[in-house]
Protein chains: 2
Amino acid sequence: MTGVLVIEDDDRIRLALLLALEDEGYAARGAATAEEGLRAQRQDPADNVLVDLMLPGLDGFECIRQLRRDDDVPIVVISARDDTHDIVAALEAGADDYVVKPVAIKELSARLRALRRRARAAAPAVSVLTFGELEISPEAGEVRRDGQPVPVTRTEFRLLCELAEHAGRVLSRQQLLSRVWGYHTGDERLVDVHVGRLRQKIESDPANPRHLVTLRGLGYKLQR
Amino acid sequence: MTGVLVIEDDDRIRLALLLALEDEGYAARGAATAEEGLRAQRQDPADNVLVDLMLPGLDGFECIRQLRRDDDVPIVVISARDDTHDIVAALEAGADDYVVKPVAIKELSARLRALRRRARAAAPAVSVLTFGELEISPEAGEVRRDGQPVPVTRTEFRLLCELAEHAGRVLSRQQLLSRVWGYHTGDERLVDVHVGRLRQKIESDPANPRHLVTLRGLGYKLQR
DNA sequence: ACGGATTTGTCACATAACTGTCATGCAACC
DNA sequence: GGTTGCATGACAGTTATGTGACAAATCCGT
């Protein structure tokens, strides 16, 4: 089923849209603010996003930009204003289409379909981060060494991804604890243990790590 | 320079569009009939096509279909009629966008740009997804293993399609719940059960799945 | 509308896998 | 040489997953 996320602050309109979309066979979810919508999309990406321009807090334009930053999802603006400036600005910000409220659900649905037709094809090669003989693919949830899959646990994988995302930079134990575990306090030795386990799996000589290196007194970093 | 082909029978409007588009930095050409437009596009493909719906002879819808047959060019309909039926029909026929005359040239230009951003590298849509000995045909609603049809239930089929569409990527139980079942909350174990049943049917050794694999703590993925 | 067959969702349980803590020992630093 | 920081192995508690059983819901032909 195709998922749609509706970001719209007016409860009545949002609900109406959600119901109409579900009638059309979509799995529709709603968000009342840009922040909520961004969070929802990050957690469980929908296949389309509808966004109103006039939102409390973060406005629609900014919302679009942030959605675009880490996602290629088709974005349709639903606005009450039929104004060239707004339309151009929204499209420039990264939106794919702009419709003016009120809009017939059939039209909306057709526009979404047309967009997905485009988006699908332009699609997907799973991205891979490479560190010498190491390959890390966050999307595939997979780590390979010399092309061979390496079984890593969830925590190890998250830790590795975190380090890979900031390749070449030191991350302190505190930073890792907070980003990987969500702890904002806790025993920093925990990080050591997991780094150790990870090394056993991804380093050819775990005692003399080449990629996952310690910076005494600072933390760890992943290098090429 | 970006080329645009304008298919519009009204000389005044066509000329006005051509001039405005050139002002915007496009290399614009015109055609007064669908036949002429199709010929022009075949001979020297433009990067975008604008087409009016009301054309003498071959009408706009048919024109779009024929353009689509051998070309993946972004097509924008420019029509005088703001009618849901027309919009839906045009998009279904293969158009990418539909704007109502008169339209601000800045808006048109922005829409063209947004479309080109999406324009795909020609990739014929595959109707059968293959994973080793497994064949999944979403359109035919059929799954085969070594060429033999495998009876799967509707839920299993949707689940399989969802995984197949995102081949090689992990999908969390949440994502699957929301995309296959439309639940946005619920018991994640439900996914496990159906994955298990699916494995019984599509894996040669269900206890050691080769395609429908578990990523502990992350979710499931389908791989080749 | 009815009854049987199929499908779906829930539950409970077994088990394998993972996590965090701790203690110990080594290495680097001053 | 003393101190601090780090690596590592062991271990027990916790969690995640696979699976069989079962009841509710749905489908389907009559």
Side-chain angles (χ1 to χ4, degrees), chain A residues 1 141 143 149-163 170-222, chain B residues 141 143 149-160 162-163 170-222:
Chain A
M1 193 177 323
V143 181
V150 177
V152 294
T153 72
R154 177 177 47 166
T155 310
E156 288 160 6
F157 187 68
R158 289 207 192 131
L159 176 58
L160 187 55
C161 284
E162 194 58 44
L163 287 161
V170 202
L171 293 177
S172 71
R173 290 174 172 72
Q174 262 315 316
Q175 287 176 315
L176 290 170
L177 266 183
S178 127
R179 294 185 194 182
V180 177
W181 280 266
Y183 299 176
H184 295 288
T185 168
D187 189 358
E188 301 193 340
R189 312 281 89 226
L190 178 56
V191 180
D192 300 18
V193 174
H194 282 276
V195 165
R197 288 173 181 159
L198 205 38
R199 279 182 179 146
Q200 297 298 326
K201 297 182 179 179
I202 65 173
E203 294 280 357
S204 47
D205 178 8
N208 295 83
R210 300 164 36 114
H211 299 296
L212 181 36
V213 299
T214 304
L215 285 124
R216 199 182 172 82
L218 298 175
Y220 299 97
K221 77 170 174 181
L222 193 66
Chain B
V143 181
V150 177
V152 293
T153 71
R154 192 165 43 126
T155 309
E156 286 160 6
F157 187 68
R158 282 207 203 136
L159 176 58
L160 188 55
E162 195 59 44
L163 288 160
V170 204
L171 295 177
S172 70
R173 290 175 172 72
Q174 260 316 315
Q175 289 176 321
L176 290 170
L177 265 184
S178 127
R179 295 182 191 186
V180 176
W181 281 267
Y183 299 175
H184 297 123
T185 167
D187 188 358
E188 302 192 339
R189 311 310 318 282
L190 177 56
V191 180
D192 300 21
V193 174
H194 282 275
V195 165
R197 288 173 181 161
L198 205 39
R199 277 182 181 145
Q200 297 298 327
K201 298 183 178 179
I202 65 173
E203 293 280 357
S204 47
D205 178 7
N208 295 82
R210 301 166 33 122
H211 299 296
L212 181 35
V213 299
T214 303
L215 287 128
R216 186 168 262 262
L218 297 175
Y220 297 98
K221 77 171 172 182
L222 192 66

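A quick note: this is a predicted structure, and the numbers were derived from the prediction, not measured. Letters go in sequence order (proteins before strands), and every chain restarts at 1.
For B:D192 and C:dC13, the CG to C1' distance is 14 Å, given to the nearest whole Å. Computed from coordinates, the A:K201 NZ to C:dT19 C1' distance equals 12 Å when rounded to whole Å. The CG atom of B:L198 sits 11 Å away from the P atom of C:dT8 (whole-angstrom rounding). For the pair A:E203 CD and D:dA7 C1', the computed distance is 14 Å after rounding to whole Å. What separates CG of B:L215 from C1' of D:dG18 is a distance of 15 Å, to the nearest Å. To the nearest angstrom, P of C:dT7 lies 8 Å from CD of B:E156. Between the CZ atom of A:R173 and the P atom of D:dA7 there is a distance of 7 Å, given to the nearest Å. Distance CZ (B:R216) to C1' (D:dT15): 7 Å, rounded to an integer number of Å.
Rounding to the nearest 0.5 angstrom, the gap separating the NE2 atom in B:H194 from the CZ atom in B:R158 is 11.0 Å.
Within 6.0 Å of the CZ atom in A:R179, the count of heavy atoms belonging to other residues, nucleotides or ligands exceeds 12. Few gaps surround CZ on A:R173; more than 12 heavy atoms of other groups in view lie less than 6.0 Å from it.
Between the base of C:dG20 and the side chain of A:R197 there is a donor-acceptor pair shorter than 3.5 Å.
In this structure, B:G217 reaches the sugar-phosphate backbone alone: every heavy-atom distance under 4.0 Å involves primed, P, OP1 or OP2 atoms, never a base. A:F157 comes within 4.0 angstrom of nothing in the nucleic acid, heavy atoms only.
In this structure, A:P209 and B:Q200 both approach DNA chain D, and ranking their closest nucleotides by distance from the 5' end singles out A:P209.
The side chain of B:H194 has C:dT8 as its nearest neighbour among C:dT8, C:dC11, C:dT21. The side chain of A:V193 has C:dT21 as its nearest neighbour among D:dT19, C:dT19, C:dT21. Proximity note for A:L190 (side chain, C-beta onward) versus C:dT8, C:dC18, C:dT21: the nearest is C:dT21.
Between A:R189 and C:dG20, a side-chain N or O to OP1/OP2 separation shorter than 4.0 Å is absent. Side-chain N/O atoms of B:R154 include none lying less than 4.0 angstrom from OP1 or OP2 on C:dT7. For C:dA17, the OP1/OP2 oxygens have no side-chain nitrogen or oxygen of A:T153 closer than 4.0 Å. Phosphate contact (OP1/OP2 of C:dG9, side-chain N/O of B:W181, threshold under 4.0 Å): present. Taking 4.0 angstrom as the limit, A:Y220 places none of its side-chain polar atoms (N or O) nearer than this to OP1 or OP2 of D:dC6. For D:dT17, neither phosphate oxygen OP1 nor OP2 lies less than 4.0 angstrom from any side-chain nitrogen or oxygen of B:T214.
When all heavy atoms are compared, the tightest approach of B:L190 to B:L177 is CD2-CD2, 4.2 Å.
In this structure, A:H211 and A:I202 have side chains that are not in contact, with every pair of non-hydrogen atoms separated by 4.5 Å or more. Between A:Q175 and A:V191, every side-chain heavy-atom pair lies at or beyond the 4.5 Å cut-off.
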